Amino acid sequence: MDRPLEPLWRGLLVYRVLTLVSTSVFVLVSLREYAHPLGAGLVVAVMVVWTVVTGFAYFPRRDGPDRRGTVAAVDLVVTAGVMLTTPVVQSPAQLAGDTPLMGSIWTPGAALALAIAFGLRGGLVGALVVSAALVAVTLTSGPMTLVDLADVQLLVLAGLTVGFCSGVLRRSAERVRAAVAEQAAATERERLARSIHDGVLQVLAHVRRRGAELGGGAGELGTLAGEQEVALRTLLTSGTAAVDGGGRRDVAAALRTLASTRVSVSAPAHPLDLPARVVDDLLGVVGAALANTAVHVGVDAPAWVFVEDLGDEVEISVRDEGPGIPDGRLAEAEAQGRLGVAASMRGRVRDLGGTIACDTAVDRGTEWIIRVPREVATA
């Protein structure tokens, strides 16, 4: 699915070749009727050469750059030029009669090429340009007829239809690529789960509990062990949110992976895309907050993570129902050099250009509120 539009490009090539043969035969058979037979022959020669050129250009090497959009734009200019030679090479009788314009049914190929390359908008622009050339040539010999208007309608419908199909194929290919990537990630997680014995998680849980019991520096180590335990369990169970081609991840989907029997995550259904580095840092901050809850409130203590889209900001709050933190306790810990919260959480958020606040009091739990500006985070 690297090039999902290849069937459309092949169909376009077949269309161009068949219509070129038909148009060339018609011109050559009635060549004596033209006001300038040599000019008509030269126009047919240009069409033949250009069909060969675009035939190669629309099928580039797999390891080469894809310039088919640019070629399609040039194709439109060449096609319009072929059509505009009609008043010069055709005789007055041909212009007044039912003789097709120069290029005839070969000319819609340029509009179809733009539709394949750029979707609906490309198809519409291509159809309008070809239709404009058709109208300009028709008006040189008289007023527009219902047949001419029908031709314009068919051009626009063809451009829109092929453009729509092009967009559908692109989106389908993206979905298939995402599904394949997710399947590969799931397979890798299964491999890691087999490779990493559950004893690693048990050791981290033991270090977390003993650290909480001993306090002091051991307590900080226990907090870090708890954070890594959460991260490792998340990796083995659900993995991380996928990174798109622009290096961005859905922070809402990433935080949902932290959900467990004790952790509830509420996030918007629509994606909240941020640079992958920013999402990683926010996951670390939330993981640290959850680890603190496990250490200071209890291993099975419930916690809640809320994600909100504020338009120009993303707000994440982490709440628990623990005993709360006495006034001045965080500042005291920081003054004593116990920088677990200050460095791991506040430092990360500050580096993202955001803010973090702790709403807590004795006997009413703790809530960490993290806000990151989407513009700053993107920059």
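These figures come from a predicted structure and were not determined experimentally.
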Exam field: side chain T23 to backbone S104, donor-acceptor pair closer than 3.5 Å:
no

Give a yes or no on whether the backbone of L20 and the side-chain of S24 come within a donor-acceptor separation of less than 3.5 Å.
yes

For residues V82 and L31: do they belong to one hydrophobic cluster (side chain heavy atoms under 4.5 Å, members Ile, Leu, Val, Met, Phe, Trp, Tyr)?
yes

With no hydrogens and no angle check, is any side-chain donor or acceptor of T161 less than 3.5 Å from a backbone partner on L157?
yes

Would you find a donor on one side and an acceptor on the other, under 3.5 Å apart, between the side chain of T293 and the backbone of A289?
yes

So how far is it from T107 OG1 to L155 CG, rounded to the nearest 0.5 Å?
6.5 Å

Would you confirm whether D351, through its side chain, and R348, through its main-chain N or O, come within 3.5 Å as a donor-acceptor pair?
no

Please determine whether residues V263 and I370 belong to a single hydrophobic cluster, defined as Ile, Leu, Val, Met, Phe, Trp and Tyr linked transitively by side-chain heavy-atom distances below 4.5 Å.
yes

What is the distance from atom CZ of R371 to atom CD of E315, rounded to the nearest 0.5 Å?
4.5 Å

Side-chain heavy atoms under 4.5 angstrom apart, residues restricted to Ile, Leu, Val, Met, Phe, Trp, Tyr: same cluster for V130 and Y15?
no

Tell me, do T99 and Q90 make a side-chain contact under 4.5 Å, heavy atoms counted?
yes

Count the heavy atoms of every other residue, nucleotide or ligand shown that sit under 6.0 Å from CZ of R121, and state whether that count exceeds 12.
no

Whether T85 side chain and V88 backbone form a donor-acceptor pair below 3.5 Å:
no

Please determine whether a side-chain nitrogen of the Lys or Arg among R374 and D309 lies less than 4.0 Å from a carboxylate oxygen of the Asp or Glu.
yes

Any idea which heavy atoms bring L112 and G159 closest together, and the distance?
CD2-N, 4.5 Å

Sidechain N-carboxylate O distance under 4.0 Å for R177, E174:
yes

Does E33 offer a backbone N or O that forms a donor-acceptor pair with the side chain of S91 under 3.5 Å?
yes

Taking C-beta and beyond as the side chain, do D273 and R249 meet within less than 4.5 Å on heavy atoms?
no

What distance do M102 atom CE and Q94 atom CD have between them, rounded to the nearest 0.5 Å?
9.0 Å

So CE of M144 and CG of L139: to nearest 0.5 Å the spacing works out to 6.5 Å

Cationic tip of R16 above W106 ring, under 6.0 Å, 45° of axis:
yes

Which heavy atom of Y58 sits nearest a heavy atom of A113, and at what distance?
OH-CB, 3.3 Å

Same cluster or not: V53 versus V17, using hydrophobic residues (I, L, V, M, F, W, Y) connected whenever any side-chain heavy atoms lie under 4.5 Å apart?
no

Evaluate the side-chain proximity of S22 to I105: yes if any heavy-atom separation is below 4.5 Å, no if none is.
yes

Test side chain to side chain contact (heavy atoms under 4.5 Å, CB included) on L160 and F164 and set out the steps.
CA-CA 6 Å; L160 292 177; F164 174 78; over 6 Å; no

Heavy-atom check, side chain of S166 versus side chain of L8, under 4.5 Å:
yes

Transitively linked via ILVMFWY side-chain contacts under 4.5 Å: V285 with V297?
no

Where do G353 and P373 come nearest, in terms of heavy atoms and distance?
O-CD, 3.4 Å

If you define the side chain from C-beta out and look only at heavy atoms, does anything of V318 sit under 4.5 Å from I369?
no

Listed by chain and number, what are the side-chain contact (heavy atoms from CB on, under 4.5 Å) partners of V25, not counting sequence neighbours?
V21, V29

Mind running side chain to side chain contact (heavy atoms under 4.5 Å, CB included) on V135 and D148 for me, showing each step along the way?
CA-CA 8 Å; V135 171; D148 297 324; over 6 Å; no

Would you call E6 and R68 a salt bridge, taking side-chain N to carboxylate O under 4.0 Å as the test?
yes

Find the distance between CG (L134) and OG1 (T86) and round it off to the nearest 0.5 Å.
9.0 Å

Determine the minimum heavy-atom distance between G69 and A117, stating which atoms define it.
CA-CB, 3.9 Å

Check: L282 and L352 side chains under 4.5 Å, non-hydrogen atoms:
yes

Which distance, rounded to the nearest 0.5 Å, do you find between the CG of D151 and the CG of L146?
11.0 Å

Nearest non-hydrogen partners of T360 and G365, listed with the distance:
OG1-O, 2.9 Å

Is the shortest side-chain heavy-atom distance between F59 and L13 below 4.5 Å?
yes

With sequence neighbours excluded, residues passing side-chain hydrogen bond (donor to acceptor under 3.5 Å, both in side chains) with W50
D75

For A301 and R262, which heavy atoms make the closest approach, and how far apart are they?
O-NH1, 3.1 Å

Derivation and outcome, side chain to side chain contact (heavy atoms under 4.5 Å, CB included), residues L283 and L258:
CA-CA 9 Å; L283 276 174; L258 299 177; 4.1 Å; yes

Please evaluate residues I316 and F306 with respect to the criterion side chain to side chain contact (heavy atoms under 4.5 Å, CB included), reporting the C-alpha separation (whole Å), side-chain torsions for both, the decisive distance (0.1 Å), and the verdict.
CA-CA 6 Å; I316 304 169; F306 298 91; over 6 Å; no

Heavy-atom side-chain contact between T366 and C358 under 4.5 Å:
yes

